[in-house]
Each structure stands twice: as C-alpha cells, then as structure tokens.
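The structure under discussion appears below in the form of structure tokens.
Nothing fancy with the numbering, it's 1 onward along the sequence. Read the numbers this way: they start at 1 and go in the same order the structure lists the ligands and their atoms.
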Amino acid sequence: MINDTDLKHLRRCVQLAKEALEVGDEPFGSILVSADGEVLAEDHNHVSGGDHTQHPEFALARWAANNLPKEERAKATVYTSGEHCPMCAAAHGWVGLGRIVYASSSKQLVQWLSELGVPASRVRNLPIQDVIRDTVVDGPVPELAEEVRELHRQFHTKKH
Ligand SMILES: [Zn+2]
C-alpha cells in the first residue's frame with residue numbers, strides 16, 4: 001500500500017531523476033528514508049562517466065552499509081523512480097535494507113525503451129522479488145510512472 005508520505009518521497013525521486021537527465025545521465029533517482037521518516041541519503045544515476053554500475057540504489061546500499069547499524073538498515077525504506085535492476089536488488093539484499101517503493105517498474109521500462117527503439121540491455125530486467133527474498137515491495141504508481149516515462153523519452157530522443 002502506498003500512502004501520502006510514500007508519494008512525497010517518490011516525487012523527490014522523480015525530481016532527482018530529472019536532475020540526472022539535466023546533467024546528461026539516465027533519469028533514475030532514489031532516496032533512503034529511516035524508520036522515523038528522515039531522509040538519510042539521496043542519489044541519482046551517474047553512468048555518463050562510463051561506469052555503468054553507478055546506479056543510485058547501489059550507492060544507497062553502500063551508504064547504508066557504511067553508516068547504519070544492521071537493525072536500522074532493516075527498518076529503512078528505499079524509494080526509487082524506477083524499480084531496482086538485479087544488481088541493485090542484490091545489493092539491497094546483501095546489506096539488509098527494508099522496504100522498497102518504486103514509481104515505475106522494470107517491466108514498464110522495458111516496454112517504454114522497446115517503443116523508443118532502444119536495444120535491450122545485456123542485464124535481464126527481473127522483478128525485485130525474483131532476485132531477493134522477504135522484501136516488501138510496492139509500486140508502480142501510475143501517475144508518477146507517466147512522468148518517469150516522459151523523462152526516459154527525453155533522454156533517448158535527445159541523445160541517441
Ligand atoms: Zn541498478
């Protein structure tokens with residue numbers, strides 16, 4: 001279930017995705033929120049430098065591993081504009097983070113990119129639940145997913 005607080009955090013993720021787009025990166029943004037609702041860390045995609053592992057969810061998992069005790073990691077939520085890829089889902093699982101809420105799903109992204117004529121990525125687009133166990137996952141949110149779709153459209157029609 002997605003409530004108003006979740007929507008507020010997801011909107012921030014979409015904003016971060018926009019900021020990524022503005023600096024030439026793929027439009028993905030994510031934030032890490034503690035059990036009591038504090039935004040602990042934010043990041044957006046940084047793959048334009050050539051390192052295609054620089055995803056925001058991976059950065060947040062590393063930040064959590066370095067800055068939060070295990071019990072707090074388990075209660076923290078990761079909000080993200082687009083569902084975790086398998087690498088980021090695995091990182092989320094390895095460091096023991098809690099719930100995940102996404103604005104748009106990997107399945108939606110695959111469809112959007114296919115419609116834009118973008119070749120499929122080498123890494124398979126698996127649902128988070130196919131990569132990690134025992135994780136509460138919520139999403140997508142239709143109205144925000146449409147905004148994310150527009151950011152991807154802009155990224156792929158501008159640059160490629
Ligand atoms: Zn990823």
Side-chain angles (χ1 to χ4, degrees), residues 2 6 9-33 39-68 73-74 76-116 118-141 144-156 158-160:
I2 290 174
D6 294 331
H9 291 314
L10 285 176
R11 285 199 188 97
R12 177 62 187 148
C13 295
V14 175
Q15 180 59 38
L16 288 163
K18 267 183 204 148
E19 289 173 19
L21 182 67
E22 281 158 13
V23 296
D25 258 303
E26 293 177 14
F28 293 97
S30 312
I31 64 174
L32 177 68
V33 178
V39 178
L40 299 169
E42 305 184 327
D43 199 17
H44 64 63
N45 191 290
H46 291 281
V47 305
S48 64
D51 177 355
H52 286 264
T53 66
Q54 297 284 348
H55 296 184
E57 304 95 326
F58 202 170
L60 294 181
R62 284 225 184 85
W63 187 93
N66 289 320
N67 293 282
L68 290 183
R73 294 201 296 271
T77 299
V78 172
Y79 292 89
T80 185
S81 63
E83 182 177 3
H84 289 46
C85 75
M87 171 185 75
C88 294
H92 186 100
W94 284 125
V95 305
L97 282 166
R99 181 180 173 224
I100 293 174
V101 188
Y102 57 76
S104 62
S105 68
S106 294
K107 193 177 167 187
Q108 288 175 313
L109 181 65
V110 167
Q111 194 188 330
W112 300 338
L113 296 187
S114 155
E115 285 166 13
L116 290 165
V118 179
S121 69
R122 188 172 179 195
V123 177
R124 290 182 194 279
N125 296 85
L126 302 174
I128 290 165
Q129 295 93 332
D130 283 2
V131 181
I132 55 173
R133 275 184 265 276
D134 304 329
T135 306
V136 176
V137 180
D138 290 305
V141 178
L144 291 177
E146 274 310 304
E147 287 183 39
V148 174
R149 179 184 193 166
E150 174 56 21
L151 297 178
H152 284 288
R153 192 194 64 74
Q154 287 177 26
F155 179 80
H156 288 284
K158 253 186 222 164
K159 286 194 65 185
H160 303 286

Task: Heavy-atom closest contact (T53 atom, M87 atom, distance) - done: O-CE, 3.5 Å

- [ ] Over all heavy atoms of both residues, which pair between A145 and A103 is shortest? Give the atoms and the distance, please.
- [x] CB-O, 3.5 Å

Task: Distance criterion under 2.8 Å: protein N/O/S atoms around the Zn ion (ligand 1) - done: 3

Task: Carboxylate-amine/guanidinium proximity below 4.0 Å for R153 and E146 - done: no

Task: Residues D130, R124: salt bridge by 4.0 Å N-O rule - done: no

Task: Proximity of H152 and F28 rings by center, below 6.0 Å - done: yes

Open item on the list: With a 4.5 Å cut-off on side-chain heavy atoms, are H84 and V131 touching?
Closed with: no

